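What you see is a predicted model; the values in this text were computed from it and never measured. Values reported hereafter were calculated over all heavy atoms of this structure, with side chains retained and with hydrogens, waters and symmetry mates removed. Proteins get letters first, then strands, A, B, ... in listed order; numbering begins at 1 in each.
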Amino acid sequence: MNILGLISRNFRRDPATYRYPERHVPATRFRGIVRNDTAKCIACGICDHVCVSGAIVVVGHDDHCDWSYDPGRCTFCGRCVDLCPGEALSQDGDRAPTYARSGDLAQGEQITYPACPECGLPARPYNERLLMIAHDDISPEFRERIKLCERCRRRRSQTVLTKGLGGAADTERNADGA
Amino acid sequence: MRLIDSLVRTSRRRSPWLFHLNAGSCNGCDIELVACLTPRYDVEQLGIRLEGSPRHADIIVVSGPVTRTTRAALETVYAQVPDPKVVVALGSCPASCNVFAGSPTVEGPLDRILPVDVYVPGCPPRPDAIIAGIAEAIALLAEGGHA
Amino acid sequence: MTVGRALFQLLVFPGLLYAVPVAWLMLWMERKLTARLQGRIGPPFYQPFFDFVKLLAKRPLPRPPLQALAMSALPVLAVAGTLGALALLPVFPHSGGFTGDLVLLVALLEIPPLCAVLAGFVSRSIYGELGATREAVLSIAYSLPFLAALVALAAAANSLSLSVISQQAMWQVRLPALLALALCLPVKLRVNPFSVANAEQEIYAGATTEFEGPRLALWELAHGLEWVALTGLWAVLAFPAANAAWPLRAVVFVAISLALVLVLAAVAAATARLKLAQAARVYWLWGSALGVLAMVVAVVWP
Amino acid sequence: MSPVIPVGPYHPALEEPYKIELDCDGEAVREAHITVGFNFRAIEWLAERKNYTQDLALVERVCGICSNVHTLTFSRALEQLAGVEVPARAQHIRVVVHEAERLHSHLLWAGIAAEVIGFQTLFMTCFALREKVMDLLEAVSGNRVNYAMNKPGGVTRDIVDPGMVAATAQAIRTAMEREIIPVFTTDRTVRARCAGVGVLTRDEALAWGALGPVARASGLPQDIRKAAPYEIYDRLDFEVPVRPEGDVLARIVVRALEIVESCRIIEQAVDGMPAGPIDAGDFIPVPAGEACARIEGPRGEVFYYVASDGSDVPLRVRIRTPTFQNMPTVALMVREQTLADVPLIQASIDPCYSCTDR
């Protein structure tokens with residue numbers, strides 16, 4: 001086809017243009033603004049570790065963790081979403097809105113550490129999916145223990161251990177006595 | 001007087017001319033801006049033209065984190081654009097230096113050097129996002145640009 | 001020509017009142033057709049008007065006084081010259097036109113390119129100077145066929161009056177002369193394939209690179225008026241029917257002008273920009289051949 | 001008139017800031033001096049201060065047009081260090097994205113070349129076709145530019161709809177063969193602007209170390225995909241187009257034919273795509289050592305050197321891009337040409353100064 005054919009074809013066809021404000025919608029797997037599902041977030045900080053532009057910053061405190069994110073700094077590379085162990089992070093399927101001042105789009109999430117059922121002090125959050133990956137079969141006893149804070153968990157382990165060992169020692173002693 | 005005012009305002013809204021300045025960008029944003037001219041997006045439907053000379057322009061579109069070597073040009077070009085004018089920052093680089101933050105040769109972000117009116121997020125922004133950003137800028141331009 | 005008639009021609013038709021809106025219409029048609037041939041929507045029809053108003057409302061940049069004066073005066077002169085040329089077009093033939101208005105027309109039509117060349121140098125920009133140089137070289141190249149065609153027509157009609165020429169030149173001369181004139185239009189209007197004088201990818205906007213705001217607005221207006229004047233000249237010469245009623249004449253004049261705009265825009269959309277030497281060669285070779293042919297026929301034909 | 005005409009750093013014909021100063025005699029160019037460095041963002045310096053995962057996103061932004069090439073080469077260097085095998089499906093996906101990137105880069109270049117010679121209609125046609133590739137890349141990777149597809153040991157995203165990919169490749173091939181190639185090669189005004197302009201002879205190309213399509217348009221049949229096949233290129237059937245003329249038109253033709261070949265490669269890669277995993281794990285430990293990797297980018301050979309001390313931050317990352325090699329030939333080619341040819345000649349090497357400056 002020569003150029004005359006090309007322009008006459010263009011002329012005969014309707015223009016390929018989207019009339020503003022109609023627009024070309026992104027593909028379904030588009031990588032937009034990152035969202036954090038605090039229910040799944042375990043505050044591990046991997047997103048902060050892999051974020052090249054410092055868009056995601058994770059700061060841990062005693063009883064909570066601040067997860068902050070500024071789309072104005074984001075490269076939308078999706079590495080944080082890929083590598084998020086708990087699948088807490090996801091990306092919007094559409095583009096971010098324009099904004100007027102630097103930092104306008106910045107958002108923060110607070111991941112509150114759940115209270116330890118035993119002592120009431122903050123415990124590390126946990127994520128069901130990660131548990132399933134780490135352990136195929138979870139006993140009710142283990143499930144209860146995962147909710148405890150580190151100290152209580154250690155104490156619980158200690159008690160179980162002592163009890164177990166104590167029982168064993170008793171049996172041994174009994175055997176000796178026999 | 002009021003009639004003339006509203007005519008001027010309408011004309012600014014209908015005929016924004018762009019000058020694009022690459023301040024050390026990776027080309028991603030620049031190419032997406034060029035894509036805005038092409039049949040699918042065709043910004044000429046909004047009266048937008050990409051001008052070669054800053055003296056003809058109303059809107060300065062900046063991409064890139066502002067490297068040391070482009071800073072002087074950036075300032076010159078800004079002075080060459082007649083008022084009223086509006087600055088649009090394209091992508092994450094002019095907004096925050098993006099991945100180049102901390103580099104010894106980068107002097108950005110852009111708002112340290114020029115007053116920025118509209119930020120278009122994305123790395124790079126999609127053409128429809130760029131058009132939306134320019135539409136924001138047009139609204140500002142109609143009101144006489146930034147103070 | 002009576003004063004009243006002259007004023008009418010200058011201010012109403014085909015002068016100011018007609019020419020300015022039609023200039024915007026033609027600029028829009030050219031852009032819109034180009035866009036459609038490229039598969040785009042293109043600008044809305046009010047685009048050139050708003051471009052003009054917007055540029056007028058921009059604050060000019062501070063410049064040294066003498067340069068500011070020259071940079072403002074040159075586009076005004078270009079607009080005025082083109083309007084003057086338009087007023088001379090004998091859309092309605094009359095007995096009163098002064099003989100020799102052809103010479104005046106040619107002189108007036110040369111004013112905008114001349115102003116552009118001066119503007120390029122006055123703006124003291126290297127790209128402005130390059131654009132001006134190219135403009136000058138091209139104007140030498142197209143002047144030969146352009147003038148040859150007009151002289152041939154004058155010789156054929158044995159008059160220097162446009163009105164007489166448009167009525168009486170014979171078709172054997174008129175045809176090659178019109179072709180030669182048509183060939184000169186793209187370069188005078190700076191559209192492809194002869195747009196080298198304002199080739200954006202090489203020298204920014206050429207001579208008008210350094211112009212801003214109201215000064216640029218006037219250049220845009222002058223450019224639009226050039227479209228009206230040159231297509232109008234061609235239309236007048238291509239439609240000689242002497243005894244048609246005046247509304248018909250006016251309608252045909254406008255129709256031919258607008259059709260010519262479409263043809264030029266289509267040609268521009270289908271070609272790449274030729275280099276300066278290549279463009280000049282086209283005019284020296286083909287343009288001159290057509291012009292000389294017209295002259296020879298005008299002189300030799302009994 | 002001043003004898004030295006600066007083109008750039010900001011010029012309508014240049015996408016990027018760089019400067020060519022021309023010693024001119026009227027419109028004829030006597031000598032050209034190229035100044036680069038406007039895009040210097042110290043990427044190599046930054047790469048030595050960020051961990052490997054961060055570096056992937058960083059090197060992707062060396063260049064927004066051939067971004068995939070950079071992550072791919074970097075990943076290949078790391079895989080070499082770590083001794084990791086890339087799963088077969090990931091290799092196929094890599095080739096598809098790699099060639100799709102070549103498609104969009106070449107179409108973009110063809111459009112820019114048309115724009116530079118003032119042929120707006122052809123520019124629009126090329127870019128309209130390019131949008132098809134952009135849609136393909138967006139559907140596969142989730143972004144139109146900077147795809148973030150590669151990581152050491154595989155790719156980040158699977159191709160869920162191979163049929164669409166193959167159909168797009170076929171549509172582009174048809175459009176190239178029917179519309180764009182005929183116009184570029186037969187249109188008289190295009191020929192008038194491109195044929196015989198900016199000639200780089202075979203010997204000059206060899207002596208100046210030209211790479212990629214520039215070398216192939218000067219009669220040098222060099223292509224890493226054939227010379228040192230990576231991924232699955234040794235199992236694919238494709239040609240490397242070579243032209244002997246060395247002018248701008250030859251560079252156009254070489255790239256146009258490469259687009260057709262890339263479409264064929266994509267069709268084959270999608271066709272034979274096996275099922276299976278797409279990566280070899282998330283964080284791949286990089287032991288101490290050094291590695292080089294090179295692949296054939298759209299503009300020519302891209303070369304990476306990575307040195308590691310076993311930590312998660314590289315000791316040294318060295319990037320050499322094709323424009324670094326091709327750029328000096330511009331000064332050679334513009335001599336004794338006219339001013340109007342300079343933008344076209346500089347564009348004909350498909351320069352990428354953000355790659356060169358880094």
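For chain A, the nearby parts of V99(B) are the backbone and the side chain; heavy atoms of each come within less than 4.5 Å. A129(B) touches chain A through backbone and side chain together, each having a heavy atom under 4.5 Å away. Only the side chain of L105(A) comes within contact range of chain B, with at least one heavy atom under 4.5 Å from a heavy atom of that chain. Residue P71(A) touches chain B through its backbone alone, counting heavy-atom pairs closer than 4.5 Å.
Here the shortest heavy-atom pairing between P121(B) and A96(A) reads CG-CB, 3.6 Å.
Contact count against chain A (heavy-atom pairs under 4.5 Å) is highest for G122(B) among G133(B), G122(B), P124(B). Chain B forms more heavy-atom pairs under 4.5 Å with one residue of P26(A), G54(A), C74(A), G32(A) than with any other, namely P26(A).
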Inter-chain polar pairs, chain B versus chain A: which donor-acceptor atoms lie under 3.5 Å apart?
{"unit_1": "P39(B)", "atom_1": "O", "unit_2": "T17(A)", "atom_2": "OG1", "d": "2.7"}
{"unit_1": "R40(B)", "atom_1": "O", "unit_2": "Y18(A)", "atom_2": "N", "d": "2.9"}
{"unit_1": "R40(B)", "atom_1": "NH1", "unit_2": "H24(A)", "atom_2": "NE2", "d": "3.1"}
{"unit_1": "Q45(B)", "atom_1": "OE1", "unit_2": "Y20(A)", "atom_2": "N", "d": "3.1"}
{"unit_1": "Q45(B)", "atom_1": "NE2", "unit_2": "Y18(A)", "atom_2": "O", "d": "2.9"}
{"unit_1": "S92(B)", "atom_1": "OG", "unit_2": "C74(A)", "atom_2": "O", "d": "2.7"}
{"unit_1": "S96(B)", "atom_1": "OG", "unit_2": "G72(A)", "atom_2": "O", "d": "3.1"}
{"unit_1": "Y119(B)", "atom_1": "N", "unit_2": "Y99(A)", "atom_2": "O", "d": "2.7"}
{"unit_1": "Y119(B)", "atom_1": "O", "unit_2": "Y99(A)", "atom_2": "N", "d": "3.0"}
{"unit_1": "R126(B)", "atom_1": "NH2", "unit_2": "H24(A)", "atom_2": "O", "d": "2.5"}
{"unit_1": "D128(B)", "atom_1": "OD2", "unit_2": "R23(A)", "atom_2": "NH1", "d": "2.5"}
{"unit_1": "D128(B)", "atom_1": "OD2", "unit_2": "R95(A)", "atom_2": "NE", "d": "2.4"}

